[in-house]
Protein chains: 2
Amino acid sequence: MSVRADAQRNHDKILEAAEEVFALEGVTAPIDLVAERAGVGIGTLYRHFPTKESLFEAIVSTRLSSLLESADAFTSELDPAIALDAFLREFARQAAEKQDLFEALGQAGIDVKSKFSGLVDDLFARVDTLRERAVVAGTIRPDVDTNDIINLVVGTCHAAGHTGADDEGLQRLVSIVIAGLQPVMPR
Amino acid sequence: MSVRADAQRNHDKILEAAEEVFALEGVTAPIDLVAERAGVGIGTLYRHFPTKESLFEAIVSTRLSSLLESADAFTSELDPAIALDAFLREFARQAAEKQDLFEALGQAGIDVKSKFSGLVDDLFARVDTLRERAVVAGTIRPDVDTNDIINLVVGTCHAAGHTGADDEGLQRLVSIVIAGLQPVMPR
DNA sequence: TCATATCCGGAACTCGTGTTCCGAATACCT
DNA sequence: AGGTATTCGGAACACGAGTTCCGGATATGA
């Protein structure tokens, strides 16, 4: 027998509600809010996701996958000279929109690395590809590594998130970071 | 009658212990750790600081004052062309060393602004002075405001802090941010 | 030394949040 | 429609962290 129809419905409703709640309130949001928003009891929530962490994992995986797609799209469709720039801006946009993502990425890196090691490694590899191409194209300094780049963007999103900056403000900050990544012109 | 000698001793021990604990573990450290480290009972701690927040406030005030002194020193002693640079690096160093500080600055800006409004405003003013001078000296773009600068450095510290970067790594990130703040050279 | 005002210490209380458990409800198969 | 395995729902439990409270200890002045 397949899963019962109502179970499937609730599973989806919970995921949807959790995405909204976590994006809005961050990872620290009480799990009750998710259940309430999903129109479901706490017990039901725990039937589908035996742990808050498991629920969180499901969502972060989605988010990371979405980022991976963006990275691939930019890599194949955009001029290498601007692809990294475009991706970092998209990354910042998504991270700012969903507070939970960059919280997860920004906090204890151990958890993230162990739980989503595959996806994180993938993302890291894509960014590294974008970086290498940009270096070849001459729009990025060769002496910064991918780790630095990601840290800078994540940190920027964190700061912007907690000061209620809008998307324009965030993009302004990202612009400064990107400017700092460019090769220095001999004066 | 003045305060009893043991009371004064404990007050100091608690402050000292709290500084160490908060710097090491961040604001979320249980208050019991502070008491234990101070060699003091929980009751004693609460006698001196009626609230965890009050203890935290005492420490952050100290940290902010220290930063103000640095800003003043750099303003009066250094070439305006490099003073902001030097201060931002010192700021990052202090923030990274004491996780609590930038956590407070990075989190709900509302609390910080309301509780330490005086000190934060002062700090903001000093940085603005440094920035203005650097703009005049031509080492900083005129189109970024002080808020952006502080956000970038705080965010960078946050990211670096959670990835276990050493001082060298942090300074590398700050260097990139500072590079992004410099005027663009026409190519 | 003695009295006492002050301080110390930690057990206990509160509160918020994650998790478990089981009687009630119900979708699915026959 | 009826039987039953599966799911639902939320009351109750677990647990950690902040805070309170008060009996015991002690510094201080006479």
Side-chain angles (χ1 to χ4, degrees), chain A residues 1-60 99-100 103-104 107-108 110-112 114-115, chain B residues 1-60 99-100 103-104 107-108 111-112 115:
Chain A
M1 185 159 82
S2 183
V3 297
R4 261 167 59 168
D6 55 345
Q8 179 66 47
R9 240 186 344 260
N10 279 335
H11 181 93
D12 295 348
K13 279 198 295 183
I14 290 171
L15 256 186
E16 194 177 341
E19 237 171 275
E20 294 171 358
V21 169
F22 284 149
L24 196 61
E25 312 238 0
V27 193
T28 61
I31 220 168
D32 310 29
L33 284 185
V34 176
E36 189 187 351
R37 178 148 197 156
V40 141
I42 307 175
T44 303
L45 193 157
Y46 271 90
R47 163 166 301 274
H48 291 284
F49 299 92
T51 271
K52 181 181 184 179
E53 207 175 341
S54 68
L55 176 57
F56 184 60
E57 275 181 45
I59 290 176
V60 172
Q99 284 217 358
D100 48 1
E103 264 182 40
Q107 261 168 11
I110 301 168
D111 286 338
V112 179
S114 62
K115 295 219 173 300
Chain B
M1 185 161 81
S2 183
V3 296
R4 262 168 59 168
D6 56 345
Q8 178 67 46
R9 243 188 340 263
N10 280 334
H11 181 93
D12 296 348
K13 279 197 295 184
I14 291 171
L15 256 185
E16 194 177 342
E19 236 170 275
E20 295 171 359
V21 170
F22 284 150
L24 196 62
E25 311 239 3
V27 195
T28 61
I31 220 167
D32 310 28
L33 285 185
V34 176
E36 188 187 352
R37 176 146 201 158
V40 141
I42 308 175
T44 304
L45 194 157
Y46 271 91
R47 164 167 302 274
H48 290 286
F49 300 92
T51 269
K52 180 181 184 179
E53 207 175 340
S54 69
L55 176 57
F56 184 60
E57 275 181 44
I59 290 176
V60 172
Q99 284 216 0
D100 49 0
E103 264 182 41
Q107 262 168 12
D111 286 338
V112 180
K115 296 219 172 299

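From a predicted model like this one, the values you see are computed outputs, not experimental measurements. These numbers come from the heavy atoms of this one structure, side chains and all, not from hydrogens, waters or symmetry mates. Chain A is the first sequence line, chain B the second, and so forth, proteins listed ahead of strands; every chain is numbered from 1.
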Query raised in the report: For A/Ile31 and B/Gly41, take the nucleotide of DNA chain C holding the closest heavy atom to each; which residue's nucleotide lies nearer the 5' end?
Result: B/Gly41
**Report entry** Test log, rule side-chain contact (heavy atoms from CB on, under 4.5 Å), inputs A/Phe22 and A/Val60
**Finding:** CA-CA 10 Å; A/Phe22 284 149; A/Val60 172; over 6 Å; no
Could you please name the option among [options] that lies closest to any side-chain atom of [X]?
X       : options                : value
A/Val40 : D/dG9, D/dT28, C/dT17  : D/dG9
B/Ala5  : C/dG18, D/dT28, C/dG10 : D/dT28
A/Ala7  : D/dC8, D/dG18, C/dG10  : D/dC8

Query raised in the report: Starting at the 5' end of DNA chain D, which residue's closest nucleotide do you reach first, A/Gly39 or B/Pro30?
Result: A/Gly39
**Report entry** DNA chain D: 5'-proximal contact among B/Arg47 and B/Asp6 (nearest heavy atom)
**Finding:** B/Arg47
Take the protein atom [atom1] of [X] and the nucleotide atom [atom2] of [N], then report the distance between them rounded to whole Å.
X       : N     : atom1 : atom2 : answer
A/Lys13 : D/dC8 : NZ    : C1'   : 11 Å
B/Glu36 : C/dC8 : CD    : C1'   : 17 Å
B/Tyr46 : C/dG9 : OH    : P     : 16 Å

Hey, is the side chain of [X] poking within less than 4.0 Å of OP1 or OP2 on [N], counting only N and O atoms?
X       : N      : answer
B/Arg4  : D/dT28 : no
A/Thr44 : D/dG9  : yes
A/Asn10 : D/dC8  : yes
A/Thr51 : C/dG18 : no

Query - Value rounded to 0.5 Å, distance of CG in B/Leu55 from CG in B/Leu15 - result: 6.5 Å
Query - Spacing of B/Arg47 atom CZ and B/Ile14 atom CD1 [to the nearest 0.5 Å] - result: 10.5 Å
Query raised in the report: Contact class for A/His48 vs. all strands (heavy atom < 4.0 Å): base, sugar-phosphate, or nothing?
Result: sugar-phosphate
Query raised in the report: Name the one of A/Gln8, A/Arg4, A/Arg9 that satisfies side chain to side chain donor-acceptor pair (under 3.5 Å) with A/Asp6?
Result: A/Arg4
